[in-house]
Amino acid sequence: MGTTASQLGKDLLSEYQELTFLTKQEILLAHKRFSELLTKDEKDLPNTRLPMNRIHTLPELKSNPFRERICLVFSTSQHKDGSLTFEDFLDLLSAFSDSATMEIKSHYAFRIFDFDDDGTLDCGDLEKLVNCLTGETDDTRLTTEEMRQLISNILEESDIDKDGTVNLSEFQHVISRSPDFVSSFKIVL
């Protein structure tokens, strides 16, 4: 029993609609796009995992500087390899959908930006975040002093309890003052 479109039954489709912020049409399109990345042999297997490098071929992720972190955060693989099942893929699309709440979006954004997965955004996470946004080429990379000043400014603005890190609630507080966040934190197939 594979994951071809004919095998995405009404009951499963209804369940996916209840558990995600996606419409029936969005789920069917997600299934089509996911299935297109499967090999012929994989289409006949249940719960096939797509490796991260194949997920990255999707145009919606190909140029996203956080594509690797996105896959790692949404992957349920015990190997922590960023591979995604169809349900992982739906969770990803649901969190990035227009219908997802600010709380859901900010929770996942925080997890994506928490590069060391320690539950806080520290100087190391913030530096990696800035490098993802600016690029890591010699032309775009910030100098050590520019990076230090930028991280200092970010912490000054965001670190309410002054512990040198940004926790989830501090992050959500900052995001709540950013009107563009919800509309820009999306992936549309």
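The side-chain contact (heavy atoms from CB on, under 4.5 Å) search around Pro51 returns Asn53, Arg54, not counting sequence neighbours. Remark: Asp180 engages no residue in a salt bridge (Lys or Arg N to Asp or Glu O under 4.0 Å) (not counting sequence neighbours). Every residue meeting the salt bridge (Lys or Arg N to Asp or Glu O under 4.0 Å) condition with Asp88, not counting sequence neighbours, appears here in chain and number order: Arg49. For Ser184, there are no side-chain contact (heavy atoms from CB on, under 4.5 Å) partners, not counting sequence neighbours. By the side-chain contact (heavy atoms from CB on, under 4.5 Å) test, Asp91 is found to be paired with Phe74, residues two or more places apart in sequence or in another chain being considered. Partners of Glu60 according to the salt bridge (Lys or Arg N to Asp or Glu O under 4.0 Å) rule, which considers only residues two or more places apart in sequence or in another chain, are Arg33. Residues passing the ring-ring contact (aromatic ring centres under 6.0 Å, His included) test with Phe185 are Phe96, Phe181, sequence neighbours excluded. Applying the salt bridge (Lys or Arg N to Asp or Glu O under 4.0 Å) criterion to Lys24, with sequence neighbours excluded, gives no partner residue. Applying the side-chain contact (heavy atoms from CB on, under 4.5 Å) test to Thr57 and every residue at least two apart in sequence or in another chain returns Leu37.
Taking every heavy atom of both residues into account, Ala100 and Lys105 meet most closely at O-CE, 3.6 Å. Across His107 and Gln172, no two heavy atoms sit closer than the pair N-NE2, 4.1 Å. The shortest heavy-atom contact between Leu72 and Gly82 is CD2-N, 3.6 Å. Among all heavy-atom pairs drawn from Cys71 and Leu84, the shortest one is O-CD2, 3.8 Å. Residue Val73 comes nearest to Arg111 through the heavy atom pair O-NH2, 3.5 Å, listed as atom of the first residue, atom of the second, then distance.
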Got a list of side-chain donor-acceptor pairs under 3.5 Å for residues 114-121, not counting sequence neighbours?
| unit_1 | atom_1 | unit_2 | atom_2 | d |
| --- | --- | --- | --- | --- |
| Asp114 | OD1 | Asp117 | N | 3.3 |
| Asp114 | OD1 | Asp118 | N | 3.3 |
| Asp114 | OD2 | Asp118 | N | 3.1 |
| Asp114 | OD2 | Gly119 | N | 2.7 |
| Asp116 | OD1 | Asp118 | N | 3.4 |
| Asp117 | OD1 | Arg69 | NH2 | 3.0 |
| Asp118 | OD1 | Thr120 | N | 3.1 |
| Asp118 | OD1 | Thr120 | OG1 | 3.2 |
| Asp118 | OD2 | Thr120 | OG1 | 3.4 |

Output a table of donor-acceptor pairs, distance under 3.5 Å, between side-chain atoms of residues 163-170 and any protein atom two or more places apart or on a different chain; print 'none' if there are none.
| unit_1 | atom_1 | unit_2 | atom_2 | d |
| --- | --- | --- | --- | --- |
| Asp163 | OD1 | Thr165 | N | 3.0 |
| Asp163 | OD1 | Thr165 | OG1 | 3.0 |
| Asp163 | OD2 | Thr165 | OG1 | 3.2 |
| Asn167 | OD1 | Ser169 | N | 3.1 |
| Asn167 | OD1 | Ser169 | OG | 3.0 |
| Asn167 | OD1 | Glu170 | N | 2.8 |
| Glu170 | OE1 | Asn167 | N | 2.8 |
| Glu170 | OE2 | Ile160 | N | 3.0 |
| Glu170 | OE2 | Asp161 | N | 3.0 |

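Summarising the geometry, atom CG belonging to Asn131 is positioned 10.0 Å from atom NZ belonging to Lys128; distances are rounded to the nearest 0.5 Å. With rounding to the nearest 0.5 angstrom, the CD atom of Gln149 is 10.5 Å from the CD1 atom of Ile151. To the nearest 0.5 Å, atom CD1 of residue Ile154 and atom CG of residue Leu129 are 6.5 Å apart.
Ser77 places no side-chain N or O within donor-acceptor distance of the main-chain N or O of Ser83, the cut-off being under 3.5 Å. Side-chain N or O atoms of Thr140 include one that pairs as donor or acceptor with a backbone N or O of Thr134 at under 3.5 Å. Between the side chain of Ser178 and the backbone N or O of Ile175 there is no donor-acceptor pair closer than 3.5 Å. Under the 3.5 Å distance criterion, the side-chain polar atoms of Ser176 are matched with a main-chain donor or acceptor of His173.
Follow the hydrophobic side-chain contacts under 4.5 Å out from Met52 and you never reach Phe34; the two are in separate clusters. In terms of hydrophobic clustering, with Ile, Leu, Val, Met, Phe, Trp and Tyr side chains grouped at heavy-atom distances under 4.5 Å, Leu92 and Leu19 are assigned to different clusters.
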- Task: Using the side-chain hydrogen bond (donor to acceptor under 3.5 Å, both in side chains) rule, take Glu157 and Asn153 through it: C-alpha gap first, then chi angles, then the decisive distance, then the call.
- Result: CA-CA 6 Å; Glu157 181 74 23; Asn153 292 348; over 6 Å; no
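Ring geometry for Phe113 against Phe66 counts as tilted: the plane angle lies between 30° and 60°, on a 0 to 90° scale.
Residue pairs meeting the side chain to side chain donor-acceptor pair (under 3.5 Å) criterion with at least one member in residues 12-21, sequence neighbours excluded, are Tyr16-Glu87.
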